[in-house]
Amino acid sequence: MSEDNLKSEFLKTISERGFIHQCTAIEELDTQLSKEKISAYIGFDCTADSLHVGSLVSIMLLRWLQKFGHTPIVLMGGGTTKIGDPSGKDEARQLLSSEGIHKNMMGIREVFTKYIDFTDNIKNPGFMVNNADWLDTLNYIGLLRDVGRHFSINRMLTFDSVKLRLEREQNLSFLEFNYMILQSYDFVELNKRFDCTLQMGGSDQWGNIVSGVDLGRKMGADQLFGLTTPLITTASGAKMGKTANGAVWLNEARLSAYDYWQFWRNTEDNDVGKFLKLFTELPMSEIAKLESLEGAEINEAKKVLAFEATKLCHGEEAALNAQKTAENVFEKGNTDQDLPTKILNKEAQSLLDILVEMELCKSKGEARRLVQQGGVKLDDKALDDTTKEIVSSDFDGKETIKLSVGKKKHVLLKKG
RNA sequence: GGAGGGGUGGCAGAGCGGUCAAAUGCAGCGGACUGUAAAUCCGCCGACUUCGGUCUACGUAGGUUCGAAUCCUACCCCCUCCA
């Protein structure tokens, strides 16, 4: 079970970069991986039309897999999303319609094309499959006889996903109880169809994955393997992936490249090394150097992290732009054309309205409070008048002025 | 089917006729200190407001009362035990 003397390049790399939490039969898997190229998959829910950084560990894992010549399979949970995974959830999720699921799948696909090569130009192109393709047409009796008989209720009750619900006195519907069976079946089906022998996923998926491995053995599939990634938390213990504005999405429409860059730039000191290993492809030697920076110097490492992570997600150009904008705004205190801009068409426009409209505040009450507390600045001068209107004299002859909330949220105002 | 317990703000969890826009903790936001970090301290944290107030909220719908998150009735949902 040791991770120290791995032979395969893939496992060696992901191990030293901190991707491995648990793994079944790691030695056999290592042997297989060093002998031949395999196919491996990770399943993704279609509960939203984009993915956020919470899934980024999995995405990077598939990327590494492809880099080492193996074939990454992205399994879209078009079928299982209709069920809802109870793992890690206190309450049953709302069920989604087929149309909603389809729309979400399209959005997620877009995110993946940035990390995985799906084109035929290489010998191991990745591909996406939708488990609705086989789950939708399953026959109940058939499933029970072929698959259901291999599952022990006694055993299922011991899995965390189920146990927690029971212990916390939260309802667990039969529908959700079946999720594990379907996910296990997915694995066997993927093995049959594409010779897929490895399922990866987050540590919360361990139970589901192990079930799949078991089911494979019982149903006479090839030997299957499972590998999970650790749950990534920040050094202060919070689940990573939240910012002022909510989840950190991976598509531009949901979160701009600039905000994405900012998210990484604001990493806690103690996380920089960990994040560089997981979310960039920089060589380990370079990461070690960056990691050893101390005090204010570690900000340089954070910039590298932000640039590399943004480059992967939004491209090099967007990453450079974000970096330049940030330098202008934070280090030089200037304004920058790349900030979100609001064009003022009216002679005088209420400050509170602008704050809400530009999503700097959720309500006018909040905006008012913010002004009273000195959190709103116009060209770095704090405002204290809640009835203020922006008029042309505020521009002081300039084309644009900068409106800020707190230290990190900035917006440009422009005369219309 | 029977008996009991319960549904309160993003979450957890008090309140059990007026002093309740609802204690406390967590999360979040602003300020101070800094390095766009962490920790710490201070302030805020339903909506609207001409800052006097107004409105909407304690599962849903009615009722009692001058007054209800708090009492009554019905319904919905959840939990536990029994069958």
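Chain identifiers are assigned alphabetically (A, B, ...) following the order of the sequence lines, protein sequences preceding nucleic acid strands; residue numbering begins at 1 within each chain.
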| query | According to the interplanar angle, ranging from 0 to 90°, do the rings of A:F68 and A:W64 count as parallel (below 30°), tilted (30 to 60°) or perpendicular (above 60°)? | reply | parallel

| Do the rings of A:Y260 and A:H314 sit parallel, tilted or perpendicular, given the 30° and 60° boundaries? | perpendicular

| In residues 318-331 of chain A, which ones come under 4.0 Å of RNA chain B, going by heavy atoms? | A:A326, A:F330

For the [atom1] atoms, the ones on [N] and on [M], what distance do you get once it is rounded to whole angstrom?
N      : M      : atom1 : result
B:rC78 : B:rC29 : P     : 35 Å
B:rC55 : B:rG7  : P     : 29 Å
B:rC20 : B:rG15 : C1'   : 9 Å
B:rG6  : B:rC42 : C1'   : 39 Å
B:rC11 : B:rU60 : P     : 14 Å
B:rA22 : B:rU34 : P     : 36 Å

Reckon [X] touches a base, only the sugar-phosphate, or nothing at all at heavy-atom distances under 4.0 Å?
X      : value
A:R265 : base
A:T267 : sugar-phosphate
A:K407 : base

| Quick one: is the NZ or CZ of A:R109 closer than 6.0 Å to the six-membered ring centre of A:F118, and within 45° of its axis? | yes

Output the rounded distance in Å from [atom1] ([X]) to [atom2] ([N]).
X      : N      : atom1 : atom2 : answer
A:K408 : B:rG30 : NZ    : P     : 8 Å
A:D259 : B:rU36 : CG    : P     : 18 Å
A:K377 : B:rA32 : NZ    : P     : 7 Å
A:N270 : B:rA39 : CG    : C1'   : 11 Å

Less than 4.0 angstrom between a side-chain N/O of [X] and OP1 or OP2 of [N], yes or no?
X      : N      : result
A:R369 : B:rA47 : yes
A:S363 : B:rC48 : yes
A:K364 : B:rA47 : no

| request: Using distance alone, with no hydrogens and no angle criterion, decide if A:S404 and A:H410 have a side-chain donor and acceptor under 3.5 Å apart. | output: yes

| said: Can you say whether a donor on the side chain of A:K303 sits under 3.5 Å from an acceptor on the base of B:rU36, or the other way round? | reply: no

| message | If the glycosidic angle sits within 90 degrees of zero it is syn, else anti. Tell me which applies to B:rG35. | response | anti

| Test: A:R217 and A:D214 ion pair at under 4.0 Å | yes

| said: Under 4.0 Å between a side-chain nitrogen and a carboxylate oxygen: does that hold for A:K12 and A:E9? | reply: yes

| Pair A:F279 and A:W264, ring centroids less than 6.0 Å apart | yes

